[in-house]
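To keep things clear, I will list the structure first and then write my remarks on it.
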Amino acid sequence: MDPLYIPVSKFEVTPVVGYWRQPGTVRVMDERESYSVYRVAIADLVAPANRGTFARPDLKISTPAFDVGVLKVWGFTAGILDFALDHLGWAGDWDKKAPIAIDF
C-alpha cells in the first residue's frame with residue numbers, strides 16, 4: 001500500500017497486508033511501536049453491530065471504529081481496516097453514525 005501521512009504524529013506510515021496459509025505465533029516485536037497484538041476474526045470486524053465511529057473532541061477528528069469485545073480499535077488502525085475491508089468487498093452496510101465509546 002502507499003505510505004500515509006498521519007498529521008497527529010507527523011509520521012508517514014506504510015501499511016502492509018499479509019497472509020498466512022497456516023497462522024504462526026504473533027507477538028510484539030518492538031514495544032516502542034506496539035504494546036499488543038490480537039487475532040480477530042474477519043467476521044467480527046465486518047459485523048455491522050461491531051462497527052461505528054469514534055469522535056475525539058480534543059483533536060476534532062472522527063474515525064471509523066470497531067468494538068470486537070476483546071478490544072476497541074479506532075484512529076489510523078481502524079481507518080486501515082475500514083479501507084481494506086471495503087476494497088476487498090467484505091464490508092457490508094453499517095451505521096457510520098453509530099458512536100463507539102473508547103476510553104483512552
**Study point:** Shortest non-hydrogen contact between I102 and A65, atoms and distance
**Key:** CD1-CB, 4.4 Å

Revision key, fill the gap. For P64 and G79 the tightest heavy-atom approach is CG-CA, 4.3 Å

[X] vs [Y] side-chain heavy atoms within contact, under 4.5 Å:
| X | Y | answer |
| --- | --- | --- |
| R51 | D82 | yes |
| K72 | F54 | no |
| F76 | L4 | yes |
| D2 | T14 | no |
| V73 | L71 | yes |

Look only at the side chain of [X] and the backbone of [Y], and say whether a donor-acceptor pair between them is shorter than 3.5 Å.
| X | Y | answer |
| --- | --- | --- |
| D67 | G69 | yes |
| T63 | G75 | yes |
| S34 | S36 | no |

Review point. If you measure from CG on D58 to NZ on K60, what distance do you get to the nearest 0.5 Å?
Key: 10.0 Å

Point to revise | Single hit among D44, L81, N50, I100 for side-chain contact (heavy atoms from CB on, under 4.5 Å) with F66 | key: L81

Test of understanding: clusters of I, L, V, M, F, W, Y form through side-chain heavy atoms closer than 4.5 Å, transitively. Do [X] and [Y] belong to the same one?
| X | Y | value |
| --- | --- | --- |
| V70 | I42 | yes |
| V40 | W90 | yes |
| V28 | W20 | yes |
| M29 | V37 | no |

Residue [X] excluded, over 12 heavy atoms near [atom1] under 6.0 Å:
| X | atom1 | answer |
| --- | --- | --- |
| D103 | CG | no |
| E12 | CD | yes |
| Y5 | OH | yes |

Review point. Does K96 make a cation-pi contact with W94 (under 6.0 Å, within 45 degrees of the axis)?
Key: yes

Point to revise | Worked verdict on K97 versus D95 for salt bridge (charged side-chain N to carboxylate O under 4.0 Å, His left out) | key: CA-CA 5 Å; K97 294 182 181 179; D95 185 354; over 6 Å; no

